[in-house]
Amino acid sequence: MKRFEAIAAAMIIGLIMALLSCNDPLQIGTELLIDGEDVNLLSSDTTTVEAVTVQLDSLIAFRAPNIAFSRHRLGWVSDPIFGDHRANVIAQLFPSSFTKPTWTSVDSVVISIEYDTIGLYGDDNAVFDVTVSEITSNFSVNETLYTDTEQSEGSLLGSVSGLIPAFDDSISIGQINDVGAKDTILAPAQMRIPLNNSFGELLLGIDSINYTSLDSFTNAFPGIILKSTSISNAMIPLLVSNVAGARFSKISVFYRNRVDEIGQFDFLLGGAIYSSHEHDYSTGTINGSIDDVAASEDLLYIQGGGGPSISIKFPNIQSLSSVVVNEATLQITRELLPQDDESTYPVPEQLYLIYQSDSILVNTADLGLASIGFGDITLFGGQPTEI
C-alpha cells in the first residue's frame with residue numbers, strides 16, 4: 001500500500017501556463033457600477049510565466065505549539081532522478097512518572113514505535129536496517145526546528161537488521177503491571193528494537209531531581225535519533241508522539257529491585273520530535289538543474305521533505321492593475337521520464353503555493369482559509385487531473 005505525503009514524495013513538472021479569463025466579469029462587482037455605465041473589457045487567455053527549479057531554505061519541522069507533527073517518515077530512498085533522500089527521526093524523552101523506581105539491575109531495554117497504518121511510501125517489499133543512537137547536543141521544545149537541523153550524535157544504543165514492517169497485524173507483547181506481575185497484551189503494529197542494557201542503567205541512573213520536568217530531564221539526556229543505514233527505497237510511517245495517542249511509542253526499561261522483583265519503567269517519546277532530511281542530488285539526473293535558468297526551460301523539478309521547489313514569477317502582472325480578473329488558473333503539466341516508476345513513487349495528491357513576504361515564506365490566503373476555516377486544503381485545487 002502506497003500513499004503520497006509532501007514530506008516524502010517527489011514529482012517532475014514540465015510546461016507551465018497561466019490562464020487569465022474574463023468570461024463574464026459583470027457577475028462580480030455589479031453593485032459598484034452606475035446604471036448605464038460602460039465597462040471596458042480586457043480578455044487574455046495567457047500571461048508570461050518565469051519559472052526555475054530552486055533550493056529554498058529548509059522547511060519548519062517543529063515549532064510548538066502550532067507545528068508538531070505526529071507522523072514521521074524513516075528511510076533511505078535512492079532515486080534515479082532526485083538522487084539520495086534520507087529521512088531520520090529525532091525525539092526527546094520524558095519519564096512516564098515523576099517518581100523514579102528503586103532498582104538494582106537492568107534486565108532488558110526496548111524501544112517501540114507504532115506504525116501508521118497508511119503503509120510504506122515506496123517499494124512495498126522494502127527491507128530496513130535501523131539504528132538508534134543518543135543525541136549529545138541539547139535542543140529545546142521552545143525552539144523552531146527545521147528539516148536540516150542537525151544534532152550531535154553520540155553512542156549507538158541499539159539496532160535491527162532485515163526489518164520488514166507489518167502494518168495490518170496487531171502483536172502480543174509482555175508488560176509488567178503495577179504489582180510486578182507479567183501481563184500479555186494486544187498492541188497495535190509497531191517497530192520494536194532491543195537497546196543496550198547500559199542505556200537503561202543510564203536512564204534510571206539520572207538524578208531524581210531531573211525527573212520533575214521535561215526541561216530538567218532533557219538537560220540530563222537530550223534525546224535519540226533513529227536512522228536507516230541502508231538503501232531501502234521506501235520510507236516507514238511512524239506515529240512517534242504520545243500526544244497523538246500513540247501509547248506504545250516509548251522506551252521500556254525492565255529492571256529488578258532489591259528483593260529481585262521485576263519492574264518496568266517507561267520513557268515516553270515526546271517534547272520536541274521532528275524529522276531531519278538529507279538530500280544528495282549528485283546521483284540523480286536533477287544534478288546541475290537547481291538554480292539553472294537554462295535547464296528550467298525544459299524541465300522543472302519538485303520534491304518534498306526539503307527537496308527542490310519551483311519559483312514562479314509573473315513579470316507582466318502589473319499590466320492587469322486596472323482590470324477585473326474573473327479567474328486565474330495556474331496549469332502544471334507533469335512530464336513522465338523514462339526513469340519514472342509510478343507504481344513505486346505515485347504522483348502527489350496535491351500541490352499548493354506559498355509566496356515570499358520580505359524574507360519569510362507565507363501560505364497564500366486561500367490555503368489558510370481552506371485549512372483553518374474549513375479544515376480541507378483540497379478546496380482551492382492543486383489535485384492532479386488526467387486529461
When every non-hydrogen atom of Thr131 is compared with those of Thr229, the smallest separation belongs to CG2-CG2, 3.4 Å
Check your understanding: Do His85 and Gln303 touch side chain to side chain, with heavy atoms closer than 4.5 Å?
Key -> yes
Can a side-chain donor-acceptor contact be found between Ser275 and His72 if the only test is distance below 3.5 angstrom? yes
Under the ring pair (Phe, Tyr, Trp, His ring centres under 6.0 Å) criterion, do Phe265 and Phe254 qualify, and how do the steps go?
CA-CA 7 Å; Phe265 193 87; Phe254 298 91; over 10 Å; no
- Task: Verify, without hydrogens or angle tests, whether Gln92 (side chain) and Ala272 (backbone) share a donor-acceptor contact under 3.5 angstrom.
- Result: yes
Determine yes or no for a side-chain-to-main-chain donor-acceptor pair under 3.5 angstrom, with Asn287 supplying the side chain and Gly284 the backbone.
-> no
Residues at least two apart in sequence or cross-chain that pass side-chain contact (heavy atoms from CB on, under 4.5 Å) with Ser276, listed by chain then number, are Asn88, Ile90, Tyr274
Here the pair of heavy atoms bringing Leu163 nearest to Met191 is CD2-SD, 3.6 Å
Sequence neighbours excluded, the answer for side-chain contact (heavy atoms from CB on, under 4.5 Å) partners of Pro315 is Thr48, Glu50
Could you check Val109 against Asn196 for side chain to side chain contact (heavy atoms under 4.5 Å, CB included), going step by step and ending with a plain yes or no? CA-CA 6 Å; Val109 185; Asn196 304 332; over 6 Å; no
So the salt bridge (charged side-chain N to carboxylate O under 4.0 Å, His left out) pairs with at least one residue in residues 86-98 (sequence neighbours excluded) are none
| task | Using a 4.5 Å cut-off on heavy atoms from C-beta on, say whether the side chain of Pro101 contacts that of Tyr255. | result | yes
Checking Phe217, Phe221, Phe94 against Phe267 for ring-ring contact (aromatic ring centres under 6.0 Å, His included), the one that qualifies is Phe217
Closest heavy-atom pair, Asp123 versus Thr344, reported as atoms and distance to 0.1 Å, is N-CG2, 3.5 Å
query = Can you check whether Ile251 reaches Val110 side chain to side chain, under 4.5 Å on heavy atoms?
reply = no
Residues joined to Ile231 in its hydrophobic cluster, side chain to side chain under 4.5 Å directly or through other members, sorted by chain and number, are Trp76
Under a side-chain separation threshold of 4.5 Å, the hydrophobic residues clustered together with Phe98 are none
Does any part of the side chain of Leu337, heavy atoms only, come nearer than 4.5 Å to the side chain of Ile81, both counted from C-beta? yes
Would you indicate whether the side-chain heavy atoms of Pro222 and Gln151 approach each other to under 4.5 Å? no
Original post:
Is there a side chain to side chain contact (heavy atoms under 4.5 Å, CB included) between Val132 and Leu195 once you walk through the steps?
Top reply: CA-CA 8 Å; Val132 183; Leu195 305 179; 4.0 Å; yes
Minimal heavy-atom distance between Thr218 and Leu93, with the atoms involved, is CG2-O, 3.9 Å
The reported gap from CD1 in Ile193 to CD1 in Ile111 (rounded to nearest 0.5 angstrom) is 6.5 Å
- Going by the angle between their ring planes, with limits at 30° and 60°, are Phe82 and Tyr301 parallel, tilted or perpendicular? perpendicular
Here the gap from Ser112 atom OG to Lys250 atom NZ, rounded to the nearest 0.5 Å, amounts to 6.0 Å
NZ (Lys100) and OG1 (Thr102) are apart, to the nearest 0.5 Å, by 8.5 Å
query: Looking only at atom types and distance, does a side-chain atom of Arg73 sit under 3.5 Å from a main-chain N or O of Met235, one as donor and one as acceptor?
result: yes
Side chains of Tyr121 and Asn233 in contact at under 4.5 Å (non-hydrogen atoms):
no
Rounding to 0.5 Å, atoms CD1 (Ile236) and CG (Leu120) come to a distance of 6.5 Å
Next item on the list: Evaluate side chain to side chain contact (heavy atoms under 4.5 Å, CB included) for Glu335 paired with Thr333, printing each intermediate quantity in order.
Entry: CA-CA 7 Å; Glu335 179 71 16; Thr333 303; over 6 Å; no
- Task: Ignoring hydrogens and angles, state whether a donor on the side chain of Asp266 or Ser252 is under 3.5 Å from an acceptor on the partner side chain.
- Result: yes
- Query: How about Leu226 and Ile224: do any of their side-chain heavy atoms sit closer than 4.5 Å?
  - Reply: yes
One should read off an interatomic distance between Thr147 OG1 and Ile60 CD1, to the nearest 0.5 angstrom, of 9.5 Å
Closest heavy-atom pair, Gln55 versus Pro308, reported as atoms and distance to 0.1 Å, is OE1-N, 4.0 Å
Can I get a per-line list of side-chain donor-acceptor pairs under 3.5 Å for residues 152-161, giving both atom names and the distance, sequence neighbours left out?
{"residue": "Glu153", "atom": "OE1", "partner": "Lys227", "partner atom": "NZ", "Å": "3.0"}
{"residue": "Glu153", "atom": "OE2", "partner": "Ser133", "partner atom": "OG", "Å": "3.3"}
{"residue": "Ser155", "atom": "OG", "partner": "Glu134", "partner atom": "OE2", "Å": "3.3"}

- Hey, is the main chain of Thr53 close enough, under 3.5 Å, to the side chain of Ser296 for a donor-acceptor pair? yes
Residue set satisfying side-chain contact (heavy atoms from CB on, under 4.5 Å) with Gln383, at least two apart, ordered chain then number -> Gln350, Thr378
Between Ile290 and Val54, the two heavy atoms sitting closest are CG2-C, 3.9 Å
- Query: Are the side chain of Asn257 and the backbone of Glu261 linked by a donor-acceptor contact shorter than 3.5 Å?
  - Reply: yes
The side-chain contact (heavy atoms from CB on, under 4.5 Å) partners of Asp207 (sequence neighbours excluded) come to Ile209, Asn210
- Query: Do Arg334 and Leu336 touch side chain to side chain, with heavy atoms closer than 4.5 Å?
  - Reply: yes
Problem set entry | Short side-chain to backbone donor-acceptor contact, Thr149 and Leu145, under 3.5 Å | no
Quiz item: Between Glu114 and Arg71, is there a salt bridge with N-O shorter than 4.0 Å?
Solution: no
Give the table of side-chain donor-acceptor pairs shorter than 3.5 Å for residues 197-205, with sequence neighbours excluded, one pair per line with atom names and distance.
{"residue": "Asn197", "atom": "ND2", "partner": "Val106", "partner atom": "O", "Å": "3.4"}
{"residue": "Asn197", "atom": "ND2", "partner": "Asp107", "partner atom": "O", "Å": "3.3"}

By ring-ring contact (aromatic ring centres under 6.0 Å, His included), Phe167 pairs with (sequence neighbours left out) Tyr115
query = For Gln339, does the CD atom sit with more than 12 other heavy atoms under 6.0 Å from it, leaving out its own atoms?
reply = yes
Apart from Val127 itself, members of its ILVMFWY cluster (side-chain separation under 4.5 Å) are Ile164
Does a side chain donor of either Asp84 or Ser78 reach within less than 3.5 Å of an acceptor in the other side chain? yes
Could you go through the side chain to side chain donor-acceptor pair (under 3.5 Å) check for Ser282 and Asp280 one step at a time?
CA-CA 6 Å; Ser282 65; Asp280 180 3; 2.6 Å; yes
Has the side chain of Asp341 got a donor or acceptor atom that lies under 3.5 Å from a matching backbone atom of Ser343? yes
- What's the verdict on side chain to side chain contact (heavy atoms under 4.5 Å, CB included) for Leu269 and Ile113, showing C-alpha distance, side-chain angles and the deciding distance? CA-CA 9 Å; Leu269 304 184; Ile113 303 180; 3.8 Å; yes
Those residues at least two apart in sequence (or on a different chain) that pass ring-ring contact (aromatic ring centres under 6.0 Å, His included) with Tyr281 are His279
